[in-house]
**Q** 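Please see the structure below; I have some questions.
Just so you know, these numbers use all the heavy atoms, side chains as well, and skip hydrogens, waters and symmetry mates. Please read these numbers as outputs of a predicted model, since none were measured by experiment.
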Amino acid sequence: PGCADPEVNEGGSRCPPAHVGAAAPGRRGGAGGMAEAQQSRMQEAIDSMVQGLERENIRKMQGNMFRCSADCCENNTASMQQVHHCIERCHAPLAQAQAVVTKELERFQDRLARCTMHCNDKAKDSLDSGSKEQQVKQQLESCVMKCVDDHVHLIPSMTKKMKETLAAIAQ
């Protein structure tokens, strides 16, 4: 929805990976300011990763795609359909790369959402069993912070995996 690609839209401008923030801590009625700080920290880590992938991988692929497409248009003997198919072939690696990044970010978002939902479920169970609201809020904040910490630590390996996949696609 919105941007088809978390890095770059068809016009070449950067699309914010807003879908990542949707699952970030604090969006499900959680621990207030602390959760917002954790959400901000997670969003900054994701933004940094996406910007690095765009700069180091996607941008080169875009350049190749545009040069390849321009070459297709230089062929004066090709039919309109042949030029169209040529351009589609030029676009395929970039589309594949964008799909890989989007899928990985969605998988990451889902994992983070499950973790924060687990925290919210535990907090609700504690309230239902008669725990004090302030104590439950502290437990929720601690749980959410652990989710964010655990997931921020996953970003480097996720980035490495995506860079390897993007490099293979670019070949």
Side-chain angles (χ1 to χ4, degrees), residues 1-30 35-36 38-118 120 144 147-171:
C3 240
D5 170 65
E7 288 84 33
V8 180
N9 65 23
E10 287 184 39
S13 62
R14 186 171 182 284
C15 298
H19 60 280
V20 174
R27 290 287 177 110
R28 302 203 183 269
E36 288 170 19
Q38 293 303 313
Q39 179 179 341
S40 176
R41 183 168 73 109
M42 176 60 73
Q43 191 65 51
E44 286 173 21
I46 293 292
D47 286 347
S48 176
M49 177 193 66
V50 167
Q51 288 170 12
L53 288 170
E54 191 279 329
R55 217 177 9 260
E56 296 168 31
N57 301 88
I58 301 291
R59 202 175 291 182
K60 290 175 188 168
M61 295 177 85
Q62 281 182 311
N64 292 339
M65 176 202 67
F66 286 119
R67 282 186 289 279
C68 176
S69 297
D71 288 344
C72 294
C73 296
E74 296 294 323
N75 183 350
N76 291 327
T77 62
S79 70
M80 184 171 70
Q81 190 175 19
Q82 287 171 322
V83 171
H84 178 73
H85 287 304
C86 180
I87 290 171
E88 282 182 346
R89 280 193 305 274
C90 295
H91 283 245
L94 180 62
Q96 188 180 356
Q98 291 171 333
V100 164
V101 173
T102 298
K103 185 176 180 180
E104 280 299 317
L105 288 174
E106 287 172 352
R107 185 177 297 139
F108 182 82
Q109 174 190 1
D110 289 345
R111 288 183 67 173
L112 179 58
R114 284 195 306 272
C115 188
T116 57
M117 281 190 269
H118 175 71
N120 286 320
V144 167
C147 285
V148 172
D149 287 343
D150 290 348
H151 286 77
V152 165
H153 292 308
L154 293 174
I155 291 175
S157 62
M158 180 174 69
T159 304
K160 181 177 184 273
K161 178 182 170 187
M162 281 195 283
K163 284 184 178 188
E164 289 169 357
T165 303
L166 295 180
I169 291 170
Q171 296 302 317

**Q** Is a side-chain donor or acceptor of Asn75 paired with a backbone partner of Asp71 at a separation under 3.5 angstrom?
**A** no

**Q** Run the side-chain contact (heavy atoms from CB on, under 4.5 Å) test on Cys115 and Val148 for me, step by step, so that the C-alpha distance in whole Å, both residues' side-chain angles and the decisive distance to 0.1 Å come before the verdict.
**A** CA-CA 9 Å; Cys115 188; Val148 172; over 6 Å; no

**Q** With heavy-atom distances below 4.5 Å as the criterion, would you say the side chains of His91 and Ser69 are in contact?
**A**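 Yes, at least one pair of side-chain atoms sits under 4.5 Å.
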
**Q** So do Met162 and Asn57 actually touch side chain to side chain, heavy atoms under 4.5 Å?
**A**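 A side-chain contact is absent here, since even the closest heavy-atom pair is not under 4.5 Å.
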
**Q** Tell me whether Lys161 is salt-bridged to Glu164, with the criterion being a basic N under 4.0 Å from an acidic carboxylate O.
**A**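 No, Lys161 and Glu164 are not salt-bridged.
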
**Q** Evaluate the side-chain proximity of Met61 to Ile169: yes if any heavy-atom separation is below 4.5 Å, no if none is.
**A**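 Of all side-chain heavy-atom pairs linking Met61 with Ile169, at least one is under 4.5 Å.
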
**Q** For residues Gln82 and Thr77, determine if any side-chain heavy atom of one lies less than 4.5 Å from a side-chain heavy atom of the other.
**A**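 The answer is no, as the side chains (C-beta and beyond) never meet within the 4.5 Å cut-off.
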
**Q** Look only at the side chain of Ser48 and the backbone of Ala45, and say whether a donor-acceptor pair between them is shorter than 3.5 Å.
**A**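 No.
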
**Q** Out of Leu112, Val152, Leu105, which residue meets the side chain to side chain contact (heavy atoms under 4.5 Å, CB included) rule with Ile46?
**A** Leu105

**Q** Between Arg107 and Asp110, is any pair of side-chain heavy atoms under 4.5 Å apart?
**A**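 The answer is no; the side chains never approach within 4.5 Å.
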
**Q** side-chain contact (heavy atoms from CB on, under 4.5 Å), that's the test. Do Val101 and Leu166 meet it? Break it down for me.
**A** CA-CA 9 Å; Val101 173; Leu166 295 180; 4.1 Å; yes

**Q** Is it true that Cys68 and Cys90 have SG atoms closer together than 2.5 Å?
**A** yes

**Q** Using a 6.0 Å cut-off, check whether atom CZ of Arg41 has over 12 heavy atoms from anything other than its own residue.
**A**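 Yes, the 6.0 Å shell around CZ holds more than 12 heavy atoms from other groups.
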
**Q** What's the separation between atom NE2 in His85 and atom CD in Gln81, rounded to the nearest 0.5 Å?
**A** 4.0 Å

**Q** Supply the atom-to-atom distance Cys147 SG to Met117 CE, rounded to the nearest 0.5 angstrom.
**A**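 Reported to 0.5 Å precision, the distance equals 10.5 Å.
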
